[in-house]
Amino acid sequence: MKKLLFAIAFTAIGFTQHTNAQDVTFGAKAGLNVSNFSGGDADRNSLIGFHVGAVSEISLSERFSLQPELLYSRQGSEAQDVVKIKLDYLAIPIMAKYYLADDFSIEVGPQFSFLVNDKGEYIDSDLPDEDTDAESFDIGANVGLGYNISSDIFVQARYNFGISTVAENPDIKNSVFQLSLGYKF
């Protein structure tokens, strides 16, 4: 995992060095997560969470840019109205953005997430919270839309579908819809 983080950081630094300072913007974003698990046989409900973090946009041409992000993201699911599974990740999405119009973009890219906290909270019970034994690393793929409201403020809608499993038994994957509001410095 350390090698993967080093490769991502090295690639981002390389892209930054090949662009002019005016072609790189930095900012912050926060928003709503509606998450669930896909796969397995359990009856599950969506869990409402959040994400917050830093973004950078590196223009590679007039219509194409790369947007690496570093986010803290609360994801999970509610299982059979008995337990809420809450998984907190440090997520690194790397989005390729294509601007269809001056302020409207489509986005696609991988997401690498590192588990920082996992908890099972029992609903309407005095049972103590438990660790979930979730995998420490998660890989997902993102697709979404972005719109620049002004030169500083932007909104995004994104869907992240898990590629790797959250837990081996049952074979479940993350599924997250995100709405974000951001500000470019």
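The chain is numbered in sequence order, starting from 1.
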Do [X] and [Y] land in one hydrophobic cluster if side-chain heavy atoms of ILVMFWY residues count as linked below 4.5 Å?
X: I123; Y: F37; result: no
X: I153; Y: V52; result: yes
X: I106; Y: L66; result: yes
X: F64; Y: F104; result: yes

Is there side-chain contact between [X] and [Y], with heavy atoms separated by less than 4.5 Å?
X: L87; Y: V166; result: yes
X: L145; Y: E107; result: no
X: I48; Y: V34; result: yes
X: M95; Y: R158; result: yes
X: F50; Y: S73; result: no
X: I58; Y: P68; result: yes
X: V55; Y: Q67; result: yes
X: F177; Y: S35; result: no

Taken in chain and number order and not counting sequence neighbours, the residues that satisfy side-chain hydrogen bond (donor to acceptor under 3.5 Å, both in side chains) with N160 are N142
What's the separation between atom [atom1] in [X] and atom [atom2] in [Y], rounded to the nearest 0.5 Å?
X: Q75; Y: L47; atom1: CD; atom2: CG; value: 10.0 Å
X: E78; Y: E121; atom1: CD; atom2: CD; value: 10.5 Å
X: L32; Y: L181; atom1: CG; atom2: CG; value: 12.0 Å
X: K84; Y: S77; atom1: NZ; atom2: OG; value: 11.0 Å
X: D171; Y: K173; atom1: CG; atom2: NZ; value: 6.0 Å
X: K184; Y: F154; atom1: NZ; atom2: CZ; value: 6.5 Å

[X] versus [Y], closest heavy-atom pair with distance:
X: S38; Y: R44; result: C-NH2, 3.8 Å
X: G120; Y: I85; result: CA-CD1, 4.3 Å
X: L115; Y: E135; result: CD2-O, 3.6 Å
X: A91; Y: Q111; result: CB-NE2, 3.7 Å

Measure from the side-chain N and O atoms of S56 to the backbone N and O of T25, and report whether any donor-acceptor pair falls under 3.5 Å. yes
In terms of ring plane angle, is the pair F137 and F112 parallel, tilted or perpendicular, where the classes change at 30° and 60°?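 F137 vs F112 ring planes: parallel.
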For the residue pair F185 and Y183, categorise the inter-ring angle as parallel (less than 30°), tilted (30 to 60°) or perpendicular (more than 60°). perpendicular
Which is it for I92 and F114 under the side chain to side chain contact (heavy atoms under 4.5 Å, CB included) test, yes or no, and what are the steps along the way? CA-CA 9 Å; I92 304 170; F114 301 90; 3.9 Å; yes
Pair [X], [Y]: side-chain N/O donor-acceptor within cut-off below 3.5 Å:
X: Y72; Y: D88; result: yes
X: Y89; Y: N174; result: yes
X: S175; Y: Y159; result: yes
X: S59; Y: E57; result: no

Verify side chain to side chain contact (heavy atoms under 4.5 Å, CB included) between L60 and S65, making sure each step is shown before the conclusion. CA-CA 5 Å; L60 301 176; S65 64; 5.5 Å; no
Output, in order, the C-alpha distance, side-chain angles, deciding distance and verdict of side chain to side chain contact (heavy atoms under 4.5 Å, CB included) for N36 and N45. CA-CA 7 Å; N36 208 334; N45 298 321; 5.6 Å; no
